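Taking it in order: structure first as structure tokens, then the write-up.
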Amino acid sequence: MNARLRVTGLMLKAASRTLVESLTQTFAPGEMWCIAGPNGAGKTTLIGALAGLSKAAAGSVSLDGVDLADWRAADLARRRGLMPQSSHDAFDATVLDIVMLNRFPHLTGWGWESEADRHAAHAALDRLGLAAFAARDVLSLSGGERQRVALAATLCQDAPLLLLDEPLSHLDLHHQIDCLHALNAWMRERGDTRTVIFSCHDLNLARRYATHALLLDGAGRAHAGLARDVLSAERASAAFGYPLTLIREGGHEALVPRFPN
Ligand SMILES: Nc1ncnc2c1ncn2[C@@H]1O[C@H](COP(=O)(O)OP(=O)(O)OP(=O)(O)O)[C@@H](O)[C@H]1O
């Protein structure tokens with residue numbers, strides 16, 4: 001089961017501002033894409049359009065050759081998972097129940113969860129080091145713990161296309177790396193049939209873990225390609241309006257700001 005997302009001539013606007021002028025790109029199975037760019041560049045807007053939640057000013061987005069607007073909601077939910085930037089919990093619920101909610105597209109018959117759904121939820125919690133949290137009230141979690149639960153829920157949906165809006169924003173470095181490892185492992189175990197698209201402000205994590213990057217410059221331009229080519233010191237400096245330099249040390253690379261003296 002894989003998914004091929006195709007964007008053709010996509011134009012995105014916010015009021016009178018053009019966020020993306022014209023984007024044509026395929027997001028293929030086995031690829032992990034990072035959407036990067038300065039605040040307000042349009043990362044969340046783009047993810048909304050890729051998910052089929054918001055309408056573009058022009059162009060189209062198709063999944064497996066079918067325009068997103070033509071998908072039945074239930075079928076689309078089995079094909080793409082979306083992790084929004086934040087989760088708002090209004091009621092008490094256990095972490096396990098929250099994760100299990102994302103099995104909804106797979107339920108059949110009377111809509112009761114099966115043993116397989118329960119197993120998938122526990123496996124997703126295990127994958128993100130959250131097994132001990134299964135019975136905890138979701139309202140008692142810290143921001144970072146809640147974010148990892150949201151990622152576990154999205155993985156539990158087991159859709160071929162995952163769209164993750166800043167999945168690492170509340171996490172410390174250790175958990176950021178653990179989550180990217182977990183995503184990588186999830187993709188590999190499924191024979192690189194899955195496509196992951198996530199937005200992220202940490203260019204070094206993106207360079208290390210993403211196969212591809214889409215860099216929005218906030219002025220309508222979007223650079224797409226292999227992560228290390230797109231997130232170069234030159235391109236990133238221009239997009240973020242701050243001089244960056246690439247340093248190399250013992251086989252590691254990092255983009256660092258050139259702080260003024
Ligand atoms: N209804 C609206 N009217 C005017 N501008 C809007 C509206 N909705 C969104 N915008 C603007 O669109 C731009 C893109 O927003 P978006 O949330 O996609 O940016 P982002 O790249 O995800 O930013 P961040 O890194 O801060 O999360 C922002 O400048 C935002 O203020």
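When reading the values below, keep in mind they use all heavy atoms of this one structure, side chains included, and skip hydrogens, waters and symmetry mates. As the structure lists them, so they are numbered: ligands from 1, and atoms in each ligand from 1. No experiment lies behind these values; they were computed from the predicted model shown.
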Considering non-hydrogen atoms of the protein only, which is the closest contact for atom 18 (O) of ligand 1, and what is the distance?
Thr45 OG1, 2.5 Å

Check the pair Gln176, Leu205 against side chain to side chain contact (heavy atoms under 4.5 Å, CB included), reporting the backbone distance first and the verdict last.
CA-CA 8 Å; Gln176 288 180 337; Leu205 287 178; 3.2 Å; yes

Counting heavy atoms under 4.0 Å, the part of Ser199 that contacts ligand 1 is neither

Have Ser62 and Asp67 got a donor and an acceptor in their side chains that come within less than 3.5 Å?
no

Please write down residue, atom name and distance for the protein heavy atom closest to atom 7 (C) of ligand 1.
Ala14 CB, 4.4 Å

Which of the numbered atoms in ligand 1 are below 4.0 angstrom from a heavy atom of Gln85?
27 (O)

Please tell me whether Asp178 and His181 have a donor and an acceptor in their side chains that are separated by less than 3.5 angstrom.
no

Any atoms of ligand 1 less than 4.0 Å from a non-hydrogen atom of His201? List them with their elements.
25 (O)

Mind checking whether Gly48 has a heavy atom under 4.0 Å from ligand 1?
no

Give me the nearest non-hydrogen protein atom to atom 25 (O) of ligand 1 as residue plus atom name, then the distance to 0.1 Å.
Lys43 NZ, 2.8 Å

Under 4.0 Å and counting heavy atoms only, is there anything from the protein next to atom 13 (C) of ligand 1?
yes

Heavy atoms from other residues, nucleotides or ligands near OH of Tyr242 exceed 12 (cutoff 6.0 Å):
yes

Looking at atom 30 (C) of ligand 1, tell me if a protein heavy atom falls under 4.0 Å from it.
no

Identified side chain to side chain donor-acceptor pair (under 3.5 Å) partner of Asp158 from the options Arg78, Arg190, His106
Arg190

Across all chains, not counting sequence neighbours, the salt bridge (charged side-chain N to carboxylate O under 4.0 Å, His left out) partners of Arg207 are Glu253

Sequence neighbours excluded, which residues qualify as side chain to side chain contact (heavy atoms under 4.5 Å, CB included) partners of Ala185?
Arg127, Arg188, Glu189

With heavy atoms of Pro38 as the reference, note each atom of ligand 1 found under 4.0 Å away.
21 (O)

For atom 27 (O) of ligand 1, what is the closest protein heavy atom, and at what distance to 0.1 Å?
Glu166 OE2, 3.4 Å

Atom 23 (O) of ligand 1: closest protein heavy atom, distance to 0.1 Å, is Gly40 N, 2.9 Å

Would you check if there is a donor-acceptor pair between the side chains of Ser114 and Asp117 at a distance under 3.5 Å?
yes

Can Thr44 and Gln85 be counted as having a side-chain donor-acceptor contact under 3.5 angstrom?
yes

Any idea which protein heavy atom is nearest atom 2 (C) of ligand 1, and the distance to it?
Ala15 N, 4.9 Å

What do you think, any protein heavy atom under 4.0 angstrom from atom 16 (P) of ligand 1?
yes

Contact between ligand 1 and Ala41 is defined here as a heavy atom of the residue under 4.0 Å from a ligand atom; is it met?
yes

Any idea how His212 and Trp33 line up, ring-wise: parallel (<30°), tilted (30 to 60°), or perpendicular (>60°)?
parallel

Which residue and atom name correspond to the protein heavy atom nearest atom 26 (O) of ligand 1, and how close is it?
Asn39 ND2, 3.0 Å

